[in-house]
Amino acid sequence: MIYLFNWFVKITGYLVQKIVFRTKVYYEDKSLQSRRIKGKAIIISNHTSVYDYAAEIFVFYSRTLRYQMAEVLFKKKFLGLFLRAMGGIYVDRNSHDFSFMLKSEKILDKNGVVGIFPESRLPKEGEERPLKFVPSATYLALNSGAKIIPVYTNGEYFGKKRARVIIGKPLFAADYYDDTLSEKENIEKITEILRQNTIRLGKLLDEKSKDGVN
């Protein structure tokens, strides 16, 4: 049902998102990662607004993206029903319930795609962006062996400027694991590597946008 509902939303919403987002997609290296995702994967992205999710399900049109989503979104009656139908993974940030990680692992075990906004919340005005990353993507990548596909969006939705998204080269968390460090130290190190890579992607998107690179 989740798969069918996703396709219904994508088909009926395709023209609408073309008009309101007008998303332009760039690539760090299209030969290594395009909009087509093969096998299991974890998408991580900077977080600019609630519309990031809506834009990214159309960027990766051919796959069903199961995003981890904050509890506050599910508390809104109709939005909560919609997100559940789309396969959203409920994350209660105020509890110690980590069942969302087990659910995410099961999705990856079935060669699915899990989406994560590692900042965990939207940045407030004046805060450095991106915020410090939470380690959930690192844990999932190490436990599942899934590749991480980094994405950066400029967050320009509904305005005169068009939304611009860059897809980075896939990363494997295990490549950065250091056996001389403790697990906690490795998790912290890899999580920060992912954040720094996101910052680098944002700068690359700015360069490509200014240069008019396709």
Side-chain angles (χ1 to χ4, degrees), residues 26-47 52-53 56 59-60 63-70 87-121 123 127-153 165-205 207:
Y26 300 83
Y27 307 91
E28 183 176 10
D29 188 336
K30 193 174 182 180
S31 67
L32 295 177
Q33 185 59 60
S34 66
R35 296 174 71 168
R36 297 185 66 85
I37 301 174
K38 297 179 181 179
K40 60 184 176 182
I42 302 165
I43 296 174
I44 64 169
S45 174
N46 66 310
H47 204 11
D52 296 333
Y53 166 68
E56 287 172 20
V59 169
F60 298 101
R63 294 297 299 272
T64 297
L65 309 187
R66 305 287 300 277
Y67 264 82
Q68 294 181 0
M69 299 174 174
I89 302 169
Y90 183 96
V91 180
D92 188 345
R93 296 170 298 178
N94 302 311
S95 77
H96 295 290
D97 179 7
F98 295 101
S99 59
F100 70 94
M101 292 291 284
L102 294 175
K103 187 171 185 178
S104 298
E105 282 192 46
K106 288 179 180 179
I107 292 168
L108 292 171
D109 287 342
K110 295 179 181 179
N111 276 333
V113 180
V114 172
I116 299 174
F117 295 110
E119 292 171 89
S120 184
R121 64 173 175 82
E127 287 186 310
E128 181 184 2
R129 301 187 182 198
L131 300 173
K132 182 179 179 179
F133 280 11
V134 296
S136 51
T138 304
Y139 276 112
L140 275 179
L142 288 172
N143 289 339
S144 67
K147 64 183 175 183
I148 298 172
I149 301 174
V151 175
Y152 192 95
T153 174
V165 173
I166 186 168
I167 301 171
K169 293 184 289 188
L171 305 171
F172 289 90
D175 290 343
Y176 301 97
Y177 200 92
D178 185 344
D179 290 329
T180 65
L181 301 176
S182 68
E183 182 182 23
K184 181 176 182 293
E185 289 171 329
N186 270 297
I187 294 295
E188 291 175 350
K189 183 191 80 167
I190 296 170
T191 300
E192 182 57 24
I193 287 172
L194 296 179
R195 181 177 178 273
Q196 291 302 321
N197 187 65
T198 298
I199 293 171
R200 183 186 60 80
L201 269 185
K203 293 176 180 178
L204 184 58
L205 177 59
E207 292 171 9

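- No side-chain N or O of Thr153 forms a donor-acceptor pair with one of Glu56 less than 3.5 Å apart.
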- Query: Does the side-chain contact (heavy atoms from CB on, under 4.5 Å) test come out yes or no for Ile89 and Ser104, once each step is laid out?
  - Reply: CA-CA 8 Å; Ile89 302 169; Ser104 298; 3.6 Å; yes
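- Under the 4.5 Å side-chain criterion, counting only non-hydrogen atoms from C-beta, Phe60 is not in contact with Val113.
- Note: Asn46 CG to Leu201 CG = 9.0 Å, rounded to the nearest 0.5 Å.
- Residue Gln68 comes nearest to Ser136 through the heavy atom pair OE1-OG, 3.9 Å, listed as atom of the first residue, atom of the second, then distance.
- No side-chain donor-acceptor contact under 3.5 Å links Arg63 to the backbone of Arg36.
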- Message: Using the rule given for side-chain contact (heavy atoms from CB on, under 4.5 Å), can you reason through Phe100 versus Met69, listing the C-alpha separation, both sets of side-chain angles and the distance that settles it, and then say yes or no?
- Response: CA-CA 10 Å; Phe100 70 94; Met69 299 174 174; over 6 Å; no
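- Glu119 places none of its side-chain heavy atoms less than 4.5 Å from the side chain of Phe117.
- Rounded to the nearest 0.5 angstrom, Tyr152 OH and Ile166 CD1 are separated by 11.0 Å.
- Proximity of a side-chain donor or acceptor of Ser34 to a complementary backbone N or O of Lys30 within less than 3.5 Å is not detected.
- Here the side chains of Phe172 and Ile148 are not in contact, with every heavy-atom distance at 4.5 Å or above.
- One distance of note links CG of Asn143 with CG of Leu102; it measures 10.0 Å at 0.5 Å rounding.
- Residues Phe133 and Glu192 form no side-chain contact, since every pair of their non-hydrogen atoms from C-beta on lies 4.5 Å or further apart.
- For Glu128, the CD atom sits in a loose shell: 12 or fewer heavy atoms of surrounding residues, nucleotides or ligands are nearer than 6.0 Å.
- For the 3.5 Å distance criterion, the side chains of Thr191 and Glu188 fail to qualify, holding no donor opposite an acceptor.
- For the pair Glu185 (side chain) and Ser182 (backbone), a donor-acceptor distance under 3.5 Å is present.
- Within 6.0 Å of the NZ atom in Lys189, the count of heavy atoms belonging to other residues, nucleotides or ligands exceeds 12.
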- Task: Could you please spell out the steps behind the side-chain contact (heavy atoms from CB on, under 4.5 Å) verdict for Asn186 and Asp178?
- Result: CA-CA 7 Å; Asn186 270 297; Asp178 185 344; 3.7 Å; yes
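- A salt bridge is absent between Glu105 and Lys40: the closest approach of a Lys/Arg side-chain nitrogen to an acidic carboxylate oxygen does not fall below 4.0 angstrom.
- Taking the side chain as every heavy atom from C-beta outward, Leu142 and Tyr177 approach each other to under 4.5 Å.
- Between Leu131 and Ser120 the shortest side-chain heavy-atom distance does not fall below 4.5 Å.
- Of all non-hydrogen atoms in His47 and Pro123, the two that sit nearest each other are O-CD, 3.3 Å.
- Contact check for Gln33 versus Lys147: side-chain heavy atoms found under the 4.5 Å cut-off.
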- Begin from the C-alpha positions of Val151 and Val59 and carry the test side-chain contact (heavy atoms from CB on, under 4.5 Å) through to its verdict. CA-CA 10 Å; Val151 175; Val59 169; 6.0 Å; no
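- With rounding to the nearest 0.5 angstrom, the CG atom of Leu194 is 7.5 Å from the CD1 atom of Ile190.
- In the model, Asp97 has a side-chain atom that pairs as donor or acceptor with a side-chain atom of Ser99 under 3.5 Å.
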- Checking salt bridge (Lys or Arg N to Asp or Glu O under 4.0 Å) for the pair Arg200/Glu28: CA distance, chi angles, key distance, verdict? CA-CA 11 Å; Arg200 183 186 60 80; Glu28 183 176 10; 2.8 Å; yes
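- Distance check: Leu204 CG to Tyr26 OH gives 10.5 Å after rounding to the nearest 0.5 Å.
- Heavy atoms only, all atoms of each residue included: Pro150 and Pro170 are closest at CD-CA, 4.4 Å.
- Across all their heavy atoms, Leu108 and Ala41 have their closest contact at CD2-O, 3.4 Å.
- In this structure, the side chains of Ile149 and Ile42 stay at 4.5 Å or more apart for every pair of heavy atoms.
- We find the CD1-CG distance between Ile167 and Asp29 to be 12.0 Å, quoted to the nearest 0.5 Å.
- Of the possible polar contacts, one joining the Arg66 side chain to the Gly87 backbone as a donor-acceptor pair under 3.5 Å is found.
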